[in-house]
Amino acid sequence: MGDVQPAINALSKDQCAAIHNYSLQILSRVGIRVDSPRARKLFGGALNIAEPDLIVHLPPEIVDRALQTAPSAIDIYDRRGNFSFQLGAAGAAPTRFGIGVTNLYYQDPQTDAVTPFSRRHMALAARLGSVLPGYDVISTVGIIQDMAPQVADLYGTLEMIVNTTKPLVLLISEKKCFEAALDLLEHLHGDLSLKPFAIPYFNPITPLVLNQGTTDNIFSAVERGLPFIYNNYGMSGATSPITAAGSLALLNAELLAGLVFSQLIKEGTPVILGSLPAGFDMQSMDSIYTPQTMLLNVACAEMMAHYGLPHSGTSGSAPGWGADLPASGTLWMNHLTALLGKVGLAPFVGGNFDSLAFSPTLAVYSDEVIRQARFFKQGFAVNDEAVALNEIESIGPGGNFLISGQTLRYCREINFSSSIWPQLTLDKWQAQDSPRADEILRRRTCRLLAESRPPEDHGELSARGEIFIRQMTT
């Protein structure tokens, strides 16, 4: 017998084919709005249309061609050129997680007080993500508020590259800073395409709009030979249909349109596709993650596996007021379903208040959730060695397995302890003045922030980056 491998499957093969067919009909009958003249010209050339309209209709053949030419797997490296992981198409590789993304505020780990996100906070968050083993990438954690918008993205990017060696997911909020941020990374690192460690991230506008800022930046990324993430964000009942099936078909159509665009620029361009499905609360007018949107995330990952394409999805951040019960429930549901499904990358962990405030405490807690969910995903073996009937027979009724050969072989491999909380009996808990779990979590977070150190080349890279940014902006 093989291993027991827990898994979630949302869609059958027939249902994947049906969603694909609905998406093709949306693209051919409804079309997409393409705001950029340069992008419209590219679509027009592929469709033999001399002057394409603002609304571009994509026939099934052009989608099929893009599906054939896009790579099914992407190798990701750290900035030192070491292989980190592969994002593959079939969900065989484990889900990868990242810390981030683009928060406007920073939530103090001791008090939960919220202050504007600063350059110092970017450095702290990047170092924290580096020391926590659950995180495979560092995404742009926040938008720096204590610097002018025309340079904030550049200094934010600098703080990321000098404070970690892990792969980066780049979200540039100021449109004019995107190419400058890539210039900065090339200046400090050299060729970004040979062993890619920096992955730009782009969003279209739902429903069915390829906006000019996104297409301009995609052109730049493809011309530099970079893989990129193309994620859409839909709120059911607001920017996407209120039904799960309607949202899935529409969001999938948008992803296929982005795929076509990338392959028209250059066939073989590596693209990571996925949706961030959310609900829309009509009373509060807020976006929310729900069990159904988590299911849509799993379904989107299965659609990308159906196509043979790398995937990036939701990360479970947003609903909390701190590292609290609302946040923890959503994190558990997201991380466990991601690992049991076919989710490739969950790059944005650590945000509260609809991802407005980055919480280091929540990021530390989520690292523990990731560890435990990965342990659950491992499953277990079912075979003669694992069952060990001979040992059961030799110990017999009423015995114990404390010093059995099997226990002695495996006891060090099975870790029941938490990375945050000690195992306390009632007596021990009372003897320690009844500590609160959140207090222990806060202390651990503060200790990690205080003890984390940047890579050894931090000073040299920082100095070079500072000079480059000053020269670029003056």
Side-chain angles (χ1 to χ4, degrees), residues 76-84 97-103 106 116-133 135-174 177-201 221 224 226 347-350 358 360 363-364 367 445 448-474:
I76 306 298
Y77 298 82
D78 66 18
R79 73 167 168 87
R80 290 174 173 155
N82 302 309
F83 175 79
S84 289
F97 293 87
I99 194 171
V101 61
T102 59
N103 296 268
Y106 180 86
F117 196 90
S118 70
R119 180 178 178 180
R120 172 178 168 271
H121 296 146
M122 184 73 88
L124 287 172
R127 294 180 193 178
L128 182 65
S130 290
V131 300
L132 292 173
Y135 298 111
D136 305 278
V137 302
I138 308 299
S139 303
T140 300
V141 183
I143 299 174
I144 294 176
Q145 303 294 300
D146 57 345
M147 307 188 81
Q150 58 267 30
V151 296
D153 283 310
L154 300 180
Y155 283 102
T157 302
L158 176 61
E159 292 299 341
M160 289 169 67
I161 191 175
V162 302
N163 282 291
T164 184
T165 61
K166 287 185 177 181
L168 307 179
V169 173
L170 297 175
L171 290 86
I172 304 299
S173 56
E174 183 69 25
C177 285
F178 179 71
E179 290 224 44
L182 295 185
D183 289 340
L184 171 65
L185 293 177
E186 287 182 345
H187 174 73
L188 297 177
H189 180 269
D191 189 347
L192 299 177
S193 64
L194 186 61
K195 291 184 175 181
F197 79 98
I199 312 168
Y201 177 96
R224 293 179 190 245
L226 293 176
F348 310 137
V349 177
F358 175 73
V364 172
D367 177 75
T445 302
L448 286 171
L449 287 169
E451 294 175 355
S452 62
R453 295 291 180 267
E456 66 280 358
D457 56 359
H458 173 273
E460 183 263 334
L461 281 181
S462 294
R464 289 173 55 201
E466 293 272 2
I467 293 171
F468 186 81
I469 292 173
R470 287 198 296 270
Q471 292 175 340
M472 183 187 304
T473 54
T474 56

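As a basis for the values below, the full set of heavy atoms in this structure was taken, side chains included, without hydrogen atoms, waters or symmetry mates.
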Exercise. Fit a plane to each ring of F197 and H189, take the angle between them on a 0 to 90° scale, and name the class: parallel (under 30°), tilted (30 to 60°) or perpendicular (over 60°).
Key: tilted

Exercise. Apply side-chain contact (heavy atoms from CB on, under 4.5 Å) to I172 and T157, showing your working.
Key: CA-CA 9 Å; I172 304 299; T157 302; 3.8 Å; yes

Quiz item: For the atom pair CG (L158) and CG (L185), what is the distance rounded to the nearest 0.5 Å?
Solution: 9.0 Å

Quiz item: So, the side chain of H458 versus the backbone of P455: is there a donor-acceptor pair under 3.5 Å, distance only?
Solution: no

Self-check item: Check: Y201 side chain, P347 main-chain N or O, donor-acceptor pair, under 3.5 Å
Solution: no

Practice problem: Check for a donor-acceptor pair, side chain of R79 on one end and backbone N or O of I161 on the other, with a separation under 3.5 Å. | Solution: yes

Self-check item: Donor-acceptor contact below 3.5 Å, side chain D153 vs main chain E174
Solution: yes

Quiz item: Taking atom CG of L124 and atom CG of L448, what is their separation to the nearest 0.5 Å?
Solution: 12.0 Å

Quiz item: Side chains of L188 and R464: does their closest heavy-atom pair fall under 4.5 Å?
Solution: yes

Quiz item: Would M472 and D183 count as a side-chain contact (heavy atoms from CB on, under 4.5 Å) if you check the C-alpha gap in whole Å, the side-chain angles of each, and the deciding distance to 0.1 Å?
Solution: CA-CA 10 Å; M472 183 187 304; D183 289 340; 4.3 Å; yes

Quiz item: Hey, is CZ on R80 packed in by over 12 heavy atoms from elsewhere, all under 6.0 Å?
Solution: yes

Practice problem: Rounded to the nearest 0.5 Å, what's the gap from CD1 on I144 to OG on S118? Could you check? | Solution: 7.5 Å

Quiz item: What pair of heavy atoms forms the shortest contact from P454 to N163, and how long is it?
Solution: CB-OD1, 3.6 Å

Quiz item: To the nearest 0.5 Å, what is the distance between CG (L182) and CG (L192)?
Solution: 6.5 Å

Quiz item: G100 and N103: which non-hydrogen atoms are nearest, and at how many Å?
Solution: C-ND2, 3.9 Å

Practice problem: Please work out which of the three classes, parallel, tilted or perpendicular, describes the rings of F358 and Y106, given edges at 30° and 60°. | Solution: tilted

Quiz prompt | Side chain R120, main chain F117, donor-acceptor under 3.5 Å | solution = no

Quiz prompt | Sidechain-backbone polar pair: D78 side chain, N82 backbone, donor-acceptor under 3.5 Å | solution = yes

Self-check item: Distance, nearest 0.5 Å, that separates NZ of K166 from CG of L132
Solution: 7.0 Å

Quiz prompt | Shortest non-hydrogen contact between A363 and I99, atoms and distance | solution = CB-CD1, 3.8 Å

Quiz item: Mind checking whether S452 and L128 have side chains closer than 4.5 Å, heavy atoms only?
Solution: no

Self-check item: Under 3.5 Å: donor-acceptor pair, side chain of T164, backbone of M160
Solution: no

Practice problem: Provide the closest heavy-atom pair for T140 versus M122 in the form atom of the first, atom of the second, distance. | Solution: CG2-CE, 4.1 Å

Self-check item: Atom of P200, atom of A198 and distance for their closest heavy-atom approach
Solution: CD-O, 3.5 Å

Self-check item: Shortest non-hydrogen contact between L154 and A181, atoms and distance
Solution: CD2-N, 3.5 Å

Quiz prompt | Chi angles and distances behind the side-chain contact (heavy atoms from CB on, under 4.5 Å) call for L171, F348 | solution = CA-CA 11 Å; L171 290 86; F348 310 137; 4.0 Å; yes

Quiz item: Can you tell me how far OH of Y155 sits from OG1 of T473, rounded to the nearest 0.5 angstrom?
Solution: 6.0 Å

Exercise. Find out whether L449 and P360 are in side-chain contact, i.e. whether some heavy atom of one side chain is under 4.5 Å from a heavy atom of the other.
Key: yes

